[in-house]
Novice: 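Right, I'll just put the structure down here and ask away after.
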Amino acid sequence: MKFSDYPFNADIKFNLEKLGFKKPTDIQYKSIPPILRGEDVLAIAQTGTGKTAAFAIPIIHKIHQDKASKRTDFIKCIVMVPTHELALQVNEVFEKIAQKTRVKTLCIFGGVEQTEQIKSLYKGVDIVIATPGRMFDLQHQGVLDLTRIEILVLDEADHMLDVGFIKDIRDMQRFLPKKRQTLFFSATIDEKIKKLAYSLVSNAIRIQISPKDPVSKNVQHAVAFIEMDDKRFFLERIINTHKDKKMLVFVRTKVRAERVAKAMERADIDTLTMHSDKVHQERINVLEQFKQGKTKVLIATDINARGIDIPNVDMVINYDLPDEAENYVHRVGRTGRGTKKGQAISFCSKEEQATLKKIETFLHQPVTILDLEKEDYMETISFSKETMANENLKDLLKEVEMFEQSKKKKKK
Ligand code: AMP
């Protein structure tokens, strides 16, 4: 079935076509009909499956239809997300699909001035995409009225729990009308998530996308055994042999992100970094620069692993393996999105082998091993610009040393 066969308004169809969405992905195919019918949905789907549009399309269609026949100047839908990056990204999808329709959306999140957000709320919006903190703030100030919400969406609900938003979600329930449609999206499901989900939805349609193999079929992923101290040489080599590719490199800590960036700088490779030390505006600038492809390599910590849709990432490099096995799926899910193909390579040192085992258990299957011949391994290290620069330095120091020694001998 193609999107052109769905009963959507012509502007929505036009917008989908402009986005290059011809036919629905699995999650869209399964979610759109029950959402249009007004049913609650509990969906287990990873990012990269097209889940944002799975709820955005039917929500926009419904609100657009409603606004044709009645005056509805109140907020009808709230989409809760765990991070401001995700809020911006989800909002972008809504805005693109809602272009030229009667539907207005607004994104609200903390860390920035409230004034503009308040002004937009006063002008009137239909859909609000929000992180919990700012949402409560504005609600307490009386500028955000949630009492007539018809649809509640919880996106990345598992991540909401991870970052401690469970109380916020529970508090929010008190302000929302009891009679509403609830759409609950989570990448994983465990007892805690189930409990939360069933406290929010009623008679929900349950949808689960590829539970057995959590890594998208579009992603070819493999692991290479590389010692900790040699990783930077391999990264340098991969970047240099794939100069036209957009690459997302994951590291364990923010200090390491900066260190790897410095190592690449020494090898004349331009990179961007993204971690929790960057303030909101910096993060937006970095993402924008990367999206536009001005700089092709982004080195990030796990703050980026979930939810963020960076278009056209060709490769993901796990420079360090993630401590949480589940994050492996989120990280490699940054590539091979929608209908595109992607590649992911993980560097695994001796110290990280136990982590790799954990990941494989989580995936229910081993990760393909990239066999590195010994010569290849040695060649990568010795042909690195950084090593060569070090070698040059060593040669120079040797010359200086010999010169000093000959001077001493002459004196004698
Ligand atoms: P999401 O899982 O919502 O983060 O979406 C992942 C990616 O899939 C995004 O880059 C979307 O633009 C893309 N996408 C979503 N739906 C479709 C579709 N029906 N056809 C092609 N690409 C899609």
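Everything numeric here is computed off the predicted structure, so don't read it as measured data. Note that ligands are numbered from 1 as they come in the structure, with each ligand's atoms numbered from 1 the same way.
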Novice: What pairs of residues pass the ring pair (Phe, Tyr, Trp, His ring centres under 6.0 Å) test when at least one of them lies in residues 331-360, not counting sequence neighbours?
Specialist: Tyr319-Phe347
Novice: By the salt bridge (charged side-chain N to carboxylate O under 4.0 Å, His left out) test, which pairs, at least two apart or in different chains, include something from residues 182-199?
Specialist: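 Applying salt bridge (charged side-chain N to carboxylate O under 4.0 Å, His left out) to every pair that reaches into residues 182-199, excluding sequence neighbours, yields Glu191-Lys194.
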Novice: Could you tell me which atoms of ligand 1, counted from 1 in the order shown, lie closer than 4.0 angstrom to a heavy atom of Thr52?
Specialist: 1 (P), 3 (O), 4 (O)
Novice: Scan side-chain atoms only and decide if Asn285 and Gln289 contain a donor-acceptor pair under the 3.5 Å cut-off.
Specialist: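 On atom types as modelled, these side chains do not qualify, holding no pair under 3.5 Å.
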Novice: Does an N or O from Lys22, backbone or side chain, lie closer than 3.5 Å to an N or O of ligand 1?
Specialist: no
Novice: I'd like to know if Lys23 contacts ligand 1, where contact means a heavy-atom distance under 4.0 Å to any ligand atom.
Specialist: yes
Novice: Does the cation-pi check pass for Arg134 over Phe109, that is, NZ or CZ under 6.0 Å from the six-membered ring centre and within 45° of its axis?
Specialist: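 No cation-pi geometry.
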Novice: Using a strict cut-off of 4.0 Å, indicate which atoms of ligand 1 neighbour a heavy atom of Lys51.
Specialist: 1 (P), 2 (O), 3 (O)
Novice: Decide whether an N or O pair under 3.5 Å exists between Phe21 and ligand 1.
Specialist: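 It does not: no N or O of Phe21 is found under 3.5 Å from an N or O of ligand 1.
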Novice: Which atom names give the shortest non-hydrogen contact between Lys23 and Gln28, and what distance separates them?
Specialist: O-OE1, 4.5 Å
